[in-house]
Colleague: 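Questions regarding the structure given below will be posed in turn.
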Amino acid sequence: MRTDRTFTMLKPDSVEKGHIGAILEKINASGFRIVALKLTHMTTQDAQAFYAVHSERPFYGELVEYMTRGPIVAAILEKENAVEDFRTLIGATNPADAAEGTIRKLYAASIGENAVHGSDSDENAAIEGAFHFAGREMF
Ligand code: IDP
Ligand code: MG
């Protein structure tokens with residue numbers, strides 16, 4: 001399996017607030033190459049499946065509502081050590097705990113509405129990328 005790719009979503013709050021350009025600029029400036037990119041709107045079934053690992057958590061219903069309320073930007077990113085470096089770039093899940101200059105510190109409102117997703121492992125990056133993109137959409 002590749003170890004130099006990760007998967008991200010600019011979540012509905014980022015799209016609603018007009019932050020697509022600023023966040024993609026920061027991603028590019030941080031050395032990631034965009035391999036795949038689209039604006040897409042997840043159905044309830046999509047979001048439930050994508051976040052199935054969290055299905056027993058108390059915030060699962062709220063998370064599915066949030067992630068389906070409007071379009072997202074889905075992307076696959078390439079860089080050496082992509083998964084770990086992208087998690088560093090986005091910052092902690094709760095923006096209140098996120099380091100200065102991170103995407104969540106700059107653009108996230110709360111632990112629930114936290115602007116971006118980043119895969120947590122190479123294995124999940126591959127699964128999540130394949131969830132959103134066909135092979136002919138990856139470059
Ligand atoms: P991560 O996105 O930093 O990997 P996870 O723990 O995997 O964080 O949680 C997935 C998503 O679920 C978070 O990005 C956030 O949108 C939402 N979430 C996590 N914890 C909470 C919470 O305590 N309340 C509401 N939403 C949460
Ligand atoms: Mg996670």
Side-chain angles (χ1 to χ4, degrees):
M1 190 179 298
R2 300 188 73 114
T3 59
D4 57 353
R5 287 187 175 186
T6 192
F7 172 77
T8 187
M9 295 182 288
L10 313 191
K11 297 180 176 183
D13 53 322
S14 293
V15 177
E16 288 160 8
K17 293 173 182 169
H19 291 154
I20 296 173
I23 294 174
L24 290 180
E25 173 59 27
K26 193 159 175 65
I27 289 170
N28 270 327
S30 301
F32 293 87
R33 187 175 79 83
I34 294 171
V35 173
L37 183 70
K38 75 167 103 177
L39 193 65
T40 183
H41 193 156
M42 288 199 286
T43 65
T44 297
Q45 201 181 2
D46 290 333
Q48 285 172 340
F50 188 91
Y51 284 112
V53 65
H54 294 306
S55 62
E56 302 304 318
R57 308 280 285 276
F59 58 81
Y60 182 63
E62 181 189 329
L63 176 59
V64 170
E65 280 281 310
Y66 160 51
M67 290 302 297
T68 58
R69 78 172 185 222
I72 60 156
V73 173
I76 297 172
L77 307 173
E78 191 170 78
K79 181 184 182 295
E80 196 180 313
N81 202 36
V83 167
E84 191 183 346
D85 286 2
F86 192 71
R87 294 291 305 204
T88 301
L89 178 65
I90 67 177
T93 306
N94 187 343
D97 301 328
E100 284 305 322
T102 59
I103 292 173
R104 282 170 168 167
K105 186 68 170 187
L106 289 166
Y107 299 111
S110 66
I111 190 169
E113 301 208 1
N114 60 3
V116 281
H117 169 82
S119 302
D120 62 8
S121 66
D122 291 339
E123 186 190 9
N124 283 336
I127 292 168
E128 292 169 1
F131 185 94
H132 281 278
F133 294 100
R136 64 184 163 75
E137 296 177 303
M138 302 176 194
F139 301 95

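Quick note: numbers below take in every heavy atom, side chains included, and nothing from hydrogens, waters or symmetry partners.
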Colleague: Treating Ser14 as the side-chain partner and Ala115 as the backbone partner, does any N or O pair qualify as donor plus acceptor under 3.5 Å?
Modeller: yes

Colleague: Can you confirm whether more than 12 heavy atoms, excluding those of Glu65, are under 6.0 Å from its CD atom?
Modeller: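 No, CD of Glu65 has 12 or fewer neighbouring heavy atoms, counting only those of other groups under 6.0 Å.
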
Colleague: Start with the C-alpha gap between Leu89 and Lys26, add the side-chain angles, then the distance that decides, and say whether side chain to side chain contact (heavy atoms under 4.5 Å, CB included) holds.
Modeller: CA-CA 9 Å; Leu89 178 65; Lys26 193 159 175 65; 4.2 Å; yes

Colleague: Is it true that a side-chain atom of Glu84 and a backbone atom of Asn81 form a donor plus acceptor pair closer than 3.5 Å?
Modeller: no

Colleague: Out of curiosity, Lys105 NZ to Asn94 CG, how far, rounded to the nearest 0.5 Å?
Modeller: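 That separation rounds to 9.5 Å.
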
Colleague: Run Phe131 and Ile127 through side chain to side chain contact (heavy atoms under 4.5 Å, CB included) and show every step you take.
Modeller: CA-CA 6 Å; Phe131 185 94; Ile127 292 168; 5.7 Å; no

Colleague: Between His41 (side chain only) and Ile72 (backbone N and O only), is there a donor and an acceptor less than 3.5 Å apart?
Modeller: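 Pair absent, no side-chain N/O of His41 close to backbone of Ile72.
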
Colleague: Tell me whether the NZ or CZ atom of Lys38 lies within the 45° cone about the ring axis of Phe133 and under 6.0 Å from its centre.
Modeller: yes

Colleague: Looking at Gln48, Glu62, Met9, which hits side chain to side chain contact (heavy atoms under 4.5 Å, CB included) with Met67?
Modeller: Met9

Colleague: Does any non-hydrogen side-chain atom of Ile111 lie less than 4.5 Å from one of Asp97?
Modeller: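 No, every pair of side-chain atoms sits at 4.5 Å or beyond.
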
Colleague: Taking atom OG1 of Thr8 and atom CZ of Phe32, what is their separation to the nearest 0.5 Å?
Modeller: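 The distance works out to 9.5 Å.
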
Colleague: We want to know whether Asp46 and Thr43 form a side-chain donor-acceptor pair, criterion being a heavy-atom distance below 3.5 angstrom.
Modeller: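 Yes, side-chain donor-acceptor contact under 3.5 Å.
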
Colleague: Judged by atom type as modelled, is there a donor-acceptor pair below 3.5 Å linking the side chain of Asp4 to the main-chain atoms of Glu78?
Modeller: no

Colleague: Which distance, rounded to the nearest 0.5 Å, do you find between the CZ of Phe59 and the NE2 of His54?
Modeller: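 Phe59 atom CZ to His54 atom NE2 measures 5.0 Å (nearest 0.5 Å).
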
Colleague: Measure across Pro12 and Gly70 and return the closest heavy-atom pair with its distance rounded to 0.1 Å.
Modeller: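 Shortest heavy-atom contact: CG-O, 3.7 Å.
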
Colleague: Quick one, Val64 and Met42 - any side-chain contact, counting heavy atoms below 4.5 Å?
Modeller: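 The answer is no; the side chains never approach within 4.5 Å.
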
Colleague: Just verifying a value: how many Å separate Ser30 OG and Leu77 CG, rounded to the nearest 0.5 Å?
Modeller: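 Reported value, rounded in 0.5 Å steps: 10.0 Å.
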
Colleague: Do any N or O atoms from the side chain of Arg5 and from the backbone of Ala82 form a donor-acceptor pair under 3.5 angstrom?
Modeller: no

Colleague: Can you tell if the side chain of Leu10 reaches within under 4.5 Å of the side chain of Leu24, non-hydrogen atoms only?
Modeller: yes

Colleague: If you measure from the Lys or Arg side-chain nitrogens to the Asp or Glu carboxylate oxygens, is any gap between Lys17 and Glu113 under 4.0 Å?
Modeller: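 So Lys17 does not pair with Glu113 through a salt bridge.
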
Colleague: Identify the two heavy atoms, one from Ala109 and one from Pro95, that lie closest to each other, and give their separation to 0.1 Å.
Modeller: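 Closest pair (atom of Ala109, atom of Pro95, distance): C-CG, 4.0 Å.
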
Colleague: Mind telling me whether Phe50 and His117 have parallel, tilted or perpendicular rings, with 30° and 60° as the class edges?
Modeller: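 Taking Phe50 first and then His117, their aromatic rings stand perpendicular (interplane angle over 60°).
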
Colleague: Quick check: closest heavy atoms across Gly101 and Leu106, and the distance to 0.1 Å?
Modeller: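 Taking Gly101 first and Leu106 second, the nearest heavy atoms are O-CD1, 3.7 Å.
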
Colleague: Counting distance only, does the side-chain N/O of Ser119 pair as donor-acceptor with the main-chain N or O of Phe7 below 3.5 Å?
Modeller: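 Between the backbone of Phe7 and the side chain of Ser119 there is a qualifying donor-acceptor contact (under 3.5 Å).
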
Colleague: Is there a continuous path of hydrophobic side-chain contacts, each under 4.5 Å between heavy atoms, that joins Ile27 to Val73?
Modeller: yes

Colleague: Strictly distance-based, threshold 3.5 Å: is any side-chain N or O of Arg87 a donor or acceptor partner for the main-chain N or O of Gly118?
Modeller: yes

Colleague: Determine whether a donor-acceptor pair (N or O, by modelled atom type, separation under 3.5 Å) exists between the side chain of Asn114 and the backbone of Ala108.
Modeller: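 No, because the side chain of Asn114 does not come within donor-acceptor range (under 3.5 Å) of the backbone of Ala108.
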
Colleague: Out of curiosity, Thr68 OG1 to Leu63 CG, how far, rounded to the nearest 0.5 Å?
Modeller: 9.5 Å

Colleague: Walk me through whether Ile20 and Val15 qualify under side chain to side chain contact (heavy atoms under 4.5 Å, CB included).
Modeller: CA-CA 6 Å; Ile20 296 173; Val15 177; 4.1 Å; yes

Colleague: What pair of heavy atoms forms the shortest contact from His132 to Thr40, and how long is it?
Modeller: ND1-CG2, 4.2 Å

Colleague: With side chain to side chain contact (heavy atoms under 4.5 Å, CB included) as the criterion, how do Val116 and Tyr107 come out once you've worked through the C-alpha distance, each side chain's angles and the decisive distance to 0.1 Å?
Modeller: CA-CA 9 Å; Val116 281; Tyr107 299 111; over 6 Å; no

Colleague: Once rounded to the nearest 0.5 Å, what's the spacing between atom CD1 of Ile34 and atom CD1 of Ile76?
Modeller: 11.5 Å

Colleague: List the atom of Ala99, the atom of Thr102, and the distance in Å for their closest heavy-atom pair.
Modeller: O-OG1, 2.7 Å

